[in-house]
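Counting convention: from 1, in listed order, for ligands and their atoms alike.
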Amino acid sequence: MQPQFHVCVTLGTRPEAIKLAPVIHLFRNNPQFQTSVVLTGQHREMVEQVMQLFDLKADYDLGIMRPKQTLTEITCNSLIGLENLYKEIQPNIVLVQGDTTTAFAAALAAFYQQIPIGHVEAGLRTDNLFNPFPEEANRRLVSQIAQLHFAPTTASVANLQTSGVKEGIHHTGNTVIDALLYVSGRSPKCEIKGLDWSSHRVILATVHRRENWGQPLEQIIQAWLLILAEFPDVALVLPMHMNPVVREPLIAKLGNHPRIFLVEPLDYEQLVGAMQHCYLIMSDSGGLQEEAPSLGKPVLVLRTTTERPEAVAAGTSKLVGTDTQEIVAAASKLLGDRNAYEQMANIANPFGDGKSSQRILDIVHEFLA
Ligand code: UD1
């Protein structure tokens, strides 16, 4: 059977790869579609790991990553590279995910060629254009030029309507749950040299956001040191982002503590293993807030805003900000009060049921047909 439609999935960073992997799999296994996967190359190592885990190969890689790249460089290099590519391969639709600069540039490049855009994980919003920066602007801009909006929750559907989007909104759930269920079913492990998971309560922590660089990160680091001093049975596992701006202060301040394990970015399977075996998660990542409820783990969100109020409303995560004392107080409560912990740990996941990718494929098929 000759494929009827050509779908081009464009991505650049690790979270996009995780959340699009189940979507790509379904499209590739459907003979009605020719599926091209394009990497901008915004990230290199961190995307390669995910592609390998899901057994995916990209068809094109623009290879734009540079050390300490600026947002302008990412945008311009992606835009120019994608314009040439879209002209050459002429897809019927371009799928982008989320709110990265890759997602924004790919949507704009498709728009300039008048190719329809499908936006996976559409409609997330904070009420602050500058937080998270630049993601809040990226996702709002994509919403204005996309034709299909795959909203993970009813709250994101409502956000799209408030943003003036009239057509093409579909409530699909978040594809991250599809990816998580696939990986957690493989009984993933996370082995870290020197750490015995059974003899410690482990806090799994990540931090990378631009609005946390500098002073907020210093405050977060201080909080971790105070928490470890107060609870001698607690260890901190901290997979570090590749960005040197984030790594350097972490290594300088936390590198020598016997119960702190600074490790290279974990591949997604190990990360899921770490989530399953940890006691508590502290993070500024969005994906972890979505995944943790499926694994029964509370999340303290190291940010002042969240575009995932569903998790806070459901009670599985708590927005603690970046003030040292606030972070210590929230963590101490979960480490010291079993009831408070249980209340956050046993809640149904508000973000999806693992069938989002299939819904997206069906909607794209109907749109193109
Ligand atoms: C990007 C996204 C952010 C997403 C995050 C997930 C934007 C503006 N930001 O932020 O929304 O949450 O990815 O990780 O799109 N680096 C490497 N190797 C890699 C990846 C990164 O060396 O595989 C280093 C490079 O020095 C690079 C730096 O990390 O300059 C920052 O990468 P960049 O993509 O600009 O921003 P992130 O903070 O990763």
Colleague: Phe5 and ring-ring contact (aromatic ring centres under 6.0 Å, His included): which partner among Phe27, Phe33, Phe367?
Modeller: Phe33
Colleague: Does Asp196, at its CG atom, have more than 12 non-hydrogen atoms belonging to other residues, nucleotides or ligands within less than 6.0 Å?
Modeller: yes
Colleague: Glu73 pairs by side-chain contact (heavy atoms from CB on, under 4.5 Å) with which of Leu71, Thr75, Thr70?
Modeller: Thr70
Colleague: Who's touching ligand 1 if we go heavy atoms under 4.0 Å?
Modeller: Thr13, Pro15, Gln42, His43, Arg44, Glu45, Met46, Met65, Arg66, Pro67, Lys68, Gln69, Leu71, Ile74, Thr100, Thr101, Pro134, Glu135, His208, Arg210, His241, Met242, Asn243, Pro244
Colleague: From the options Val301, Leu302, Val299, select the one residue that forms a side-chain contact (heavy atoms from CB on, under 4.5 Å) with Val320.
Modeller: Leu302
Colleague: At what distance, to the nearest 0.5 angstrom, does CD of Glu269 lie from OH of Tyr182?
Modeller: 8.0 Å
Colleague: Taking only residues two or more places apart in sequence or in another chain, which ones pass ring pair (Phe, Tyr, Trp, His ring centres under 6.0 Å) with Tyr60?
Modeller: none
